[in-house]
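For reference, the structure is listed below as structure tokens.
Everything numeric in this text was worked out from a predicted model, so none of it was measured. Computation of the quantities below employed the complete heavy-atom set of this structure, encompassing side-chain atoms and omitting hydrogens, waters and symmetry-equivalent molecules. Below, chain A is the first sequence line, B the second, and so on; all start at residue 1.
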Number of protein chains: 2
Amino acid sequence: MARPRGSTSEITGQRLRAAALRLFARHGFAAVSMRQIAAGAGVQAGTLYLHFADKEDLLFDLLRSHMEDLIAAWDGQARPEGPLDRLREFVGFHLGRNRDHPDAVFLSYMELRNLGPANFARIESLRRDYEDRLSAILAEGEAAGVFACPDVKLATMAIIAMLNGVNTWYREGGRLTRERVGEIYWGMVRQAVAASGRA
Amino acid sequence: MARPRGSTSEITGQRLRAAALRLFARHGFAAVSMRQIAAGAGVQAGTLYLHFADKEDLLFDLLRSHMEDLIAAWDGQARPEGPLDRLREFVGFHLGRNRDHPDAVFLSYMELRNLGPANFARIESLRRDYEDRLSAILAEGEAAGVFACPDVKLATMAIIAMLNGVNTWYREGGRLTRERVGEIYWGMVRQAVAASGRA
DNA sequence: GTCTATAGAAAGATAGAC
DNA sequence: GTCTATCTTTCTATAGAC
């Protein structure tokens, strides 16, 4: 993040990150050896310890940068006015990020248990920060009478889980395009929190 | 499954299954050693190979029996008439199973990649069988004009992902009871597929 | 059916040459 | 900054005693 750009070290570091991300997502953190990661980046095993203190530090680096990039990307983009359009924007944004970073998304939900307590807490905190963006939209819509969630936090968790599910089954070239899937999910999300229709 | 009941072998086998389930869910398949599993069941490592051919066979046994029990439990219970009540029943059933078998549910989504192609295909097939039960309810409701899913398969995946998400954040003794969470999720599911309100 | 003991391979991490 | 070589530990799986 704060290393000199373009240096040999930085290039190797990024290649190691990329190799580790791919391998961890494919086989699981515990199943991947430091030797495999090094080989994936075209270096020897010992070199890894020039860039990362140990295996967990490498995993933490991947998860932290993923969450920080995610939050920065959302905060950095223009937001439409009004809770409904803003929610639509969030759904599209989240699905787009999941599409573009499937390995990191998978890791950030599946391999948290391999972090020590301190690192675990930091990632969880970042995740909460991100989820709070969605909660704020829902609360705003609730106050405006556009949404009617019986519980904003639960609606937040439900929407995120629902959207994340797409990555587990969607395959390029299948029955539906990404765009169509996005439209259909947006429809379900909108109805799930809509003010009309609540019994 | 077809072993003599109550025999010493069967008891040890069940203890090994229970220990493996707990350890795999807690630390991940690759991170758990055969020695740990044996110790968790109070036997030595060599004994494991009397009950399972190898580590993958043990995982497959856990996943297969979980999925088969799940389907049998749903098929074996009385079903209310009408798509809306049937959907409500499914939501409650699914949340209840997830509550009672969190480790097996977690494993069946996270450790499939550790199965060989043949075993993987068998578990995937069982999962599809289960999901088809939900799809049938949605299709029935669609035909009756009670539901309006733009796509039954996507609604199936969305509902299951949403419900499964509860296990990742719900903690006993928290802000909401299981019953209240079930009510709120049922409300969101119902609205998400409701015939009214579709634009 | 379970034990002890171990073979053989592979893991994480480090030291020192270049 | 990267390499080779290696220490130490741990792994899966098996052989043979009881």
Taking atom [atom2] of [N] as reference, at what distance in whole Å does atom [atom1] of [X] sit?
X        : N       : atom1 : atom2 : value
His27(A) : dA11(C) : NE2   : P     : 12 Å
Leu59(A) : dG12(C) : CG    : P     : 13 Å
Lys55(B) : dT14(D) : NZ    : C1'   : 17 Å
Leu16(B) : dG1(C)  : CG    : P     : 13 Å
Asp54(B) : dT14(D) : CG    : C1'   : 13 Å
Leu48(B) : dG1(C)  : CG    : C1'   : 13 Å
Leu50(A) : dT14(C) : CG    : P     : 12 Å
Arg15(B) : dT2(C)  : CZ    : P     : 11 Å

Could you tell me whether the phosphate oxygens of [N], OP1 or OP2, come under 4.0 Å of any side-chain nitrogen or oxygen in [X]?
X        : N       : value
His51(B) : dT2(C)  : yes
Gln44(B) : dT4(C)  : yes
Thr47(A) : dC3(D)  : yes
Thr12(A) : dG1(D)  : no
Ser33(B) : dT10(D) : no

* **Pair Asp100(A) + Arg97(A), salt bridge at N-O below 4.0 Å** =>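 Result for this pair is no, no salt bridge flagged.
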* Would you mind checking if Arg133(B) and Asp75(B) are paired as a salt bridge, meaning a charged N to carboxylate O distance below 4.0 Å? => yes
* Structure fact -> Assert: residue with more 5' nearest nucleotide on DNA chain D, out of Gly46(B) and Arg35(A), is Arg35(A)
* Parallel, tilted or perpendicular for Tyr130(A) and Phe93(A), by the 30°/60° rule? -> tilted
* Is NZ or CZ of Arg99(A) both nearer than 6.0 Å to the six-membered ring centre of Tyr170(A) and within 45° of the ring axis? ->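 No; the conditions do not both hold, so Arg99(A) does not lie above the ring face of Tyr170(A).
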* Asked: Could Arg17(B) and Phe52(B) be counted as a cation-pi pair, given that NZ or CZ must be under 6.0 Å from the ring centre and within 45° of the axis?
  ->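 No - Arg17(B) does not lie over the ring of Phe52(B) by the 6.0 Å and 45° rule.
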* Where each residue is assigned the nucleotide of DNA chain C containing its nearest heavy atom, which of Ala53(A) and Gln36(A) is assigned the position nearer the 5′ end? ->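 Comparing both residues, the 5'-ward one is Gln36(A).
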